[in-house]
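First the structure, in the form of structure tokens, and then the observations on it.
Proteins come first, then strands; the chains are lettered A, B, ... in the order of their sequence lines, and each starts at number 1. In what follows, every heavy atom counts, from backbone to side chain, and hydrogens, waters and symmetry copies are set aside.
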2 protein chains.
Amino acid sequence: MSAAQKHVVAIGLSAAIVSVAEERPCVLIVKHRKDHGDALPFGPFDPLQHRTLEGGLRTWVGEQTHLDLGYAEQLYTFGDRGRHELKPGEGPRIVSVGYLALTRQSGEAPDTLWRDWYRYFPWEDWRGEKPAIIAEVIAPALAAFAKSAPHAGLSETRRDRARLCFGLEGLAWDEEKVLERYELLYEAGLVQESVRDGRDGADKPLPLGAGMVFDHRRILATAIARLRGKMKYRPVVFELMPASFTLLDLQRTVEAISGIRLHKQNFRRLVEGLGLVEGTGKVSALTRGRPAELFRFRREVLRERPSPGVRLGTRRAGS
Amino acid sequence: MSAAQKHVVAIGLSAAIVSVAEERPCVLIVKHRKDHGDALPFGPFDPLQHRTLEGGLRTWVGEQTHLDLGYAEQLYTFGDRGRHELKPGEGPRIVSVGYLALTRQSGEAPDTLWRDWYRYFPWEDWRGEKPAIIAEVIAPALAAFAKSAPHAGLSETRRDRARLCFGLEGLAWDEEKVLERYELLYEAGLVQESVRDGRDGADKPLPLGAGMVFDHRRILATAIARLRGKMKYRPVVFELMPASFTLLDLQRTVEAISGIRLHKQNFRRLVEGLGLVEGTGKVSALTRGRPAELFRFRREVLRERPSPGVRLGTRRAGS
DNA sequence: CCAATTAATACTCGTTATGAGTATATATAT
DNA sequence: ATATATATACTCATAACGAGTATTAATTGG
């Protein structure tokens with residue numbers, strides 16, 4: 001191997017392509033590969049053909065999924081050995097660059113399907129009750145993980161991480177800590193991927209949530225976290241909305257993504273107060289109740305205000 | 001070239017290593033290379049030797065600079081062709097992963113030096129007056145750039161970007177938009193790097209700020225933006241502080257990084273109210289005025305509150 | 001047609017956070 | 001002793017926020 005080749009790696013591009021339909025946040029999954037779970041669309045970056053990473057991503061996502069990505073942003077570059085190989089140590093070293101893309105749902109391409117992202121992260125959906133899986137499975141398993149630490153200091157640290165991540169012992173739930181939670185479960189050997197990657201503690205009860213290939217669940221966790229955060233200071237939700245929508249449609253979309261319920265009246269006050277939407281005189285043809293006015297996104301806000309986003313309230317309230 | 005080699009690239013790791021001394025935010029620069037300006041410490045990622053990207057970074061930063069990086073976080077992966085080569089088209093394709101690291105200043109290694117980061121971004125320091133360079137040079141140059149657009153729509157867009165980025169026409173200054181501002185200046189051909197990269201519009205008046213090698217100034221802009229944002233919701237400033245400090249020391253450090261002045265009394269109220277610091281009975285040996293109490297960082301907050309940071313006020317006030 | 005139901009929309013109210021001061025205390029320099 | 005510089009303590013008005021109640025406009029079942 002020459003000196004030049006020594007530092008050579010392949011770059012993989014993976015995309016968490018998100019849409020929301022029927023109050024369910026969805027991510028695009030490519031079928032094949034039954035071995036280790038679902039996969040995000042991914043492919044190699046070809047440095048000869050593409051000038052930019054994002055350009056490369058857009059090109060082959062277009063080819064594979066027939067989707068036109070509107071919004072896309074880079075998330076993170078993962079390079080850990082042993083976390084993106086089917087079997088540790090096999091094949092060339094791959095560094096994977098994860099992306100988040102938003103789109104409105106449309107016809108599916110041949111080998112893809114939209115899946116509710118809470119399938120992979122059941123503990124992240126707090127729109128109804130607090131997910132029972134936390135108190136029943138996660139909290140005890142993490143307590144055991146803490147107890148099993150080789151020394152007291154580490155044990156303490158693990159307990160603290162569990163408390164802060166999952167809002168145990170009365171601590172507040174922070175919907176943005178998606179990645180921290182997944183990483184903790186990974187380290188504790190509670191997800192399928194850590195078993196696959198051969199970490200010890202692989203004798204744990206049941207794997208939590210549906211597993212994914214390579215490090216794709218980690219990328220998806222990063223994507224959810226980023227979207228939940230970004231929504232608050234940038235009007236990215238509208239990338240997921242049709243041209244016109246009711247304020248409740250909008251609220252349900254925000255709730256689907258953030259995984260928490262919002263106060264309806266305050267949501268309206270906020271969204272109107274920021275000038276994010278404007279009414280179109282028309283009303284929606286609903287089945288029940290007083291018909292709601294249809295609104296559209298006011299693109300102009302982007303030129304008026306520095307950073308308008310849907311700041312969701314700290315705590316959840318009745319819908 | 002084989003099929004496997006086709007997708008092969010080299011990964012470069014670059015680090016913006018930051019410290020603050022004497023109210024000046026500094027970044028570590030490696031000397032050599034007089035051709036195109038200063039360089040951040042950077043080096044190749046060796047996939048054979050290192051398990052993780054960050055591990056690789058820490059290793060050779062340790063070798064090159066004799067610094068022990070405490071805090072480090074990944075910023076962004078840049079892969080644009082023509083923006084990290086000394087001469088466009090020469091050499092292998094390099095994808096560069098940028099990092100932000102924080103440290104307390106200590107002895108310098110042989111070929112490195114600490115430089116005030118406002119040397120590269122003179123328009124970012126609003127601690128005194130609004131930087132004169134904005135009204136005198138940047139605003140007119142960007143107006144000309146907008147006017148030179150091939151069609152009216154693009155012209156409008158450019159004008160809007162200039163207004164929002166630089167707070168023109170009475171708009172608020174957003175200290176976090178460091179990268180957007182640099183990118184706009186790059187596109188407008190107003191920084192040395194865009195001239196070097198052979199973009200048109202290279203006949204502009206004078207290059208703004210000191211240039212850097214490769215895409216290092218872009219990485220530094222990303223680092224500053226990230227740090228300015230992160231400071232507000234994570235207690236990262238304390239990575240830059242000594243074990244004990246006065247509240248004014250702390251405020252000056254926050255101001256140095258954010259580039260804006262804060263209200264002293266409110267800063268104290270905030271920082272104490274969040275439980276970020278605790279007094280150590282001792283007072284500092286100052287030269288003038290009433291001696292200030294020395295404080296230390298309360299590490300415990302990390303275990304108590306979900307995300308405590310130094311939320312600096314929107315607008316600046318007298319010191 | 002009326003009452004119950006459902007949802008949209010409009011207000012209200014108390015609490016907290018924030019921006020911007022004034023007032024007072026404690027040191028040094030002359 | 002006085003001027004000056006800084007630290008620290010309070011005050012106050014306003015905006016933002018969480019959590020309601022009240023009212024309006026439609027549908028649905030009798």
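Take A:R104 and apply the side chain to side chain donor-acceptor pair (under 3.5 Å) test, not counting sequence neighbours, and it matches no residue. In this structure B:R115 satisfies the side chain to side chain donor-acceptor pair (under 3.5 Å) test together with B:D38, sequence neighbours excluded. Residues passing the side chain to side chain donor-acceptor pair (under 3.5 Å) test with A:E22, sequence neighbours excluded: none. B:R290 pairs by the side chain to side chain contact (heavy atoms under 4.5 Å, CB included) definition with nothing, not counting sequence neighbours. For B:R159, the side chain to side chain donor-acceptor pair (under 3.5 Å) partners are B:S155, not counting sequence neighbours.
Taking every side-chain heavy atom of A:P291 into account, D:dA26 is the closest of D:dA26, C:dA20, C:dA10.
Pairing of C:dT30, defined by two Watson-Crick or G-U wobble distances under 3.5 Å, is identified with D:dA1.
You'll find a donor-acceptor pair under 3.5 Å spanning the side chain of B:Q265 and the base of C:dT22, going by distance alone.
In this structure, A:K232 pairs ionically with A:E175, as a charged nitrogen and a carboxylate oxygen lie closer than 4.0 Å.
As rounded to whole Å, 18 Å separates atom P of D:dA16 from atom NE2 of A:H263. Distance NZ (B:K232) to C1' (C:dT18): 14 Å, rounded to an integer number of Å. Across the protein-nucleic acid pair, B:E293 atom CD and D:dT6 atom P stand 19 Å apart, rounded to whole Å. Regarding B:R269, its CZ atom lies at a distance of 8 Å from the C1' atom of C:dA17, rounded to whole Å. If you measure from atom CD of B:E272 to atom P of D:dC10, you get 11 Å, rounded to the nearest angstrom.
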Anything under 3.5 Å between a protein N or O and an N or O of nucleotides 1-6 of chain C, put it in a table, one pair a line.
none

